[in-house]
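Just so you know, ligand 1 is whichever comes first in the structure, and atom 1 is the first atom listed for that ligand. Heavy atoms only: backbone and side chains are in, while hydrogens, waters and symmetry mates are out. Counting from 1, the numbers follow the sequence of the chain as shown.
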Amino acid sequence: MKKKILVTGASGHLGGMLFKSLANLGYKNLEGTDLKKKNIDKNQKFILGNLKNLKSIIKMTKGVYAIVHFGAIPIEDTQHNILQNNIIGTYNLFEAARINKVKRIIFASSNHAIGFHRRTAKLNQYSNQRPDSHYGLSKAFGEELSRFYADKFNIKSMCIRIGSCLEVPEDRRHISTWISYSDLTQLVDIGIRHKAIHHEIVYGVSKNKKSWWNNSRAHQLGYKPIDSVDRFNFHSLSKNEHKDKMALLFQGGVFTSANFKGNIKNIK
Ligand code: 15L
């Protein structure tokens, strides 16, 4: 593809991975941006940028066809930091996209947007948001923000509720949540290219037998995961949630039990 694609969070774990894997897939006109320049190859186009600064994003998004938006704090943080970086940053990005007539945005959502669902529930694209943290709330906001910009301004979007994207699974929770780098790349590629997209919610998960998510919408759009957690030896996985009874009940795991002051019985 020759159209210009902007990758935010290009110095980060998943943004950085995608910045390289999309180039390997044949994307010829990629540009990366982040607060700092880290792990960027010499031949990759990169521009320093702060999503909190609307003016600079407006400049950066000129002539861009699609944005792969992975620039955010990737874990729980203070309400202030999440508000400034994830919520205002994402809002600014969509606004800049509207001003510059960007056609599509692939949004890195997270399983923490639905983390307060019980592990016994099988979710799909219509399941309610149920954020488990300030971080998860910022992802839920991004999903609704992108729905609004799709309906109101026709900026197409795909929100990927990413499970645990790592080179290999590390913890027993990943038996349900793991996604490989190549499967995530495949989903992002579908988000950039698929003609029938308006606003989509899909799950970023490989073909795992014990997945909590019915990913039929992703499959309808052509997603064919090539990886599965089931080929790994589960005995070598850590048991991070072992003694945390609350974490074991909910999909978001330890994000749900951290600083918890509620009543578990009320979260049905
Ligand atoms: C996420 O959204 C985080 O960015 C990542 O650090 C992991 O915590 C992942 O979810 C997960 O739930 O495993």
Side-chain angles (χ1 to χ4, degrees), residues 7-19 34-35 38 51 68-79 81-82 85-87 89-90 106-119 121 123 127 129-146 158-181 183-185 187-188 201-206 208 210-213 215 225 227-229 232 234 237-242 244 246-260:
V7 180
T8 70
S11 297
H13 170 214
L14 296 183
M17 180 279 290
L18 289 162
F19 196 27
D34 211 317
L35 289 169
K38 241 173 64 187
L51 297 178
V68 177
H69 179 38
F70 276 66
I73 297 175
I75 49 171
E76 181 60 322
D77 206 319
T78 61
Q79 188 262 356
N81 288 347
I82 293 288
N85 291 279
N86 294 15
I87 295 187
T90 299
I106 318 310
F107 175 61
S109 185
S110 163
N111 71 89
H112 297 291
I114 40 102
F116 263 130
H117 281 283
R118 299 252 171 187
R119 291 191 179 183
L123 306 186
S127 301
Q129 297 177 329
R130 215 139 182 202
D132 59 20
S133 48
H134 297 295
Y135 165 71
L137 183 62
S138 74
K139 296 300 181 180
F141 172 79
E143 290 184 359
E144 287 310 296
L145 180 78
S146 64
M158 182 193 261
C159 301
I160 309 175
R161 288 179 174 166
I162 302 169
S164 308
C165 188
L166 298 158
E167 197 165 4
V168 293
E170 292 171 2
D171 190 79
R172 289 195 71 82
R173 179 170 169 273
H174 301 165
I175 294 173
S176 300
T177 60
W178 185 70
I179 177 168
S180 68
Y181 291 157
D183 283 345
L184 183 62
T185 303
L187 277 171
V188 170
I201 302 279
V202 298
Y203 290 86
V205 68
S206 283
N208 309 335
K210 291 199 170 158
S211 168
W212 299 317
W213 308 314
N215 214 4
D227 284 307
S228 165
V229 77
F232 293 94
F234 293 168
L237 300 177
S238 63
K239 293 179 180 166
N240 189 24
E241 300 169 327
H242 192 51
D244 187 336
M246 180 171 178
L248 286 165
L249 290 176
F250 295 103
Q251 301 196 356
V254 295
F255 281 57
T256 61
S257 53
N259 299 317
F260 184 73

Over 60° means perpendicular and under 30° means parallel, so tell me whether Phe255 and His112 are parallel, tilted or perpendicular. parallel
Of all heavy-atom pairs linking Lys139 and Phe107, the shortest is O-CE2, 3.5 Å
| query | Any side-chain heavy atom of Thr177 within less than 4.5 Å of one from Val205? | reply | no
Within the 4.0 Å heavy-atom cut-off around ligand 1, the contacting residues, ordered by chain and number, are Pro74, Ile75, Ser110, Asn111, His112, Tyr135, Gly163, Ser164, Arg173, Phe255
Yes or no on ring-ring contact (aromatic ring centres under 6.0 Å, His included) for His13 and Tyr181, after CA distance, side-chain angles and deciding distance?
CA-CA 11 Å; His13 170 214; Tyr181 291 157; 5.7 Å; yes
Hits for salt bridge (charged side-chain N to carboxylate O under 4.0 Å, His left out) against Glu144, two or more places apart or cross-chain, chain-then-number order -> Arg147
OH (Tyr203) and CD1 (Ile114) are apart, to the nearest 0.5 Å, by 5.0 Å
